[in-house]
Amino acid sequence: MNNSTLKSLLIEYDKKRISAEELAQKNRETLYTKFPELADVDKKLSSLALSTMKQLAQNNDKELIKKLNSDIEVLKKKKEEILKSIGKEAECIIPNYECKICNDTGYIFNGSTSKMCNCLKQRIYNIEYNKANFNNLNKQNFNNFNLNLYSEEVSNDKYGADISPRENIKLILDICKNFIANFDNPDEKNLLFTGRTGLGKTFLSSCIANELLKQGKTVLYQTSSVMLDTIINYHLGKSNVDPDIYNHLLNVDLLIVDDLGTEGINNMKLVELFNLLNTRLLNSSKPTKTIISTNLSLQDMFETYDERIVSRIIGYYNICYFFGDDIRFIH
Ligand SMILES: [Zn+2]
């Protein structure tokens, strides 16, 4: 990852965190003037906390510390009651952080260790890897998914199926919604979207990405050709490749591999594709899921890819067949 990206994001995080805290502090002072008993209890609490700290550091008088702790408990209860009597208005003294997990620090601290919060990870992914692909993400959500673009006509001759494209897309939508709801279940399958261009595969991938981002998951979007070139360049140690990218591809919560089949396959790419898909299936630290979309039919896939890859897909992916008329030309 580019260090300057992280640096500028951390400056942005500092700014939003400090402004949330300053606003909370301002609200607290307003509330103190309005409810002096709250100011009083807070003042007493901080003075007791200070005395406890002094005792711990200097005299360590166990009896006294016990007494201080019990006084603190009493005051805390009193404060709770005061806050309760103030009601909703009191909520404004809690800083309203954008991310409630890391409190806009970008990191989750656990004792002496810390790890990057998903919110910051995702910001980096969007800047470094997702770039243009995610520009329209806000518009691509299930609310904007228009079923009417799919024909109600049942025609085996035209579509090669016994149900209409609309019935079919409804079934696919159900599969996608289950995928989101059961994302953390290791037994929930991955998704393969197969079908011609212009049937909504990429749009639907983005809808899913959108929902999972709202849940705090990380999402990486890659076209198959760019991704496989990047992985190969990474293994060749080329200097223009981000050294973290492979790790991200293996560990991101949701990886979307778009346009499988356009990468100009060779042996090296087959091996890398298999390793990537297989490692993501075996991830034991957390469930990682993949959505692959392709214009290839299953038959084409059998002909193009190594049997190991196709058998992984058949075993561990829900296969969604998209068919119908090109929705890009329907208005
Ligand atoms: Zn966060």
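Atoms within each ligand, like the ligands themselves, are counted from 1 in listed order. Predicted model, so just to flag it, every value in this text is computed and none were measured.
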Single hit among Asn168, Ile169, Thr194 for side chain to side chain contact (heavy atoms under 4.5 Å, CB included) with Phe323:
Asn168

More than 12 heavy atoms of other residues, nucleotides or ligands under 6.0 Å from CG of Asp174: is that the case?
yes

Got more than 12 heavy atoms from elsewhere within 6.0 Å of OH, Tyr316?
no

Tell me if the NZ atom of Lys16 is crowded by more than 12 foreign heavy atoms within 6.0 Å.
yes

I'd like to know if Glu167 and Lys170 make a salt bridge, using a cut-off of under 4.0 Å between side-chain N and carboxylate O.
yes

Does atom NZ of Lys286 have more than 12 heavy-atom neighbours from other groups under 6.0 Å away?
yes

The protein N, O or S atoms lying under 2.8 Å from the Zn ion (ligand 1) are Cys99 SG, Cys102 SG, Cys117 SG, Cys119 SG

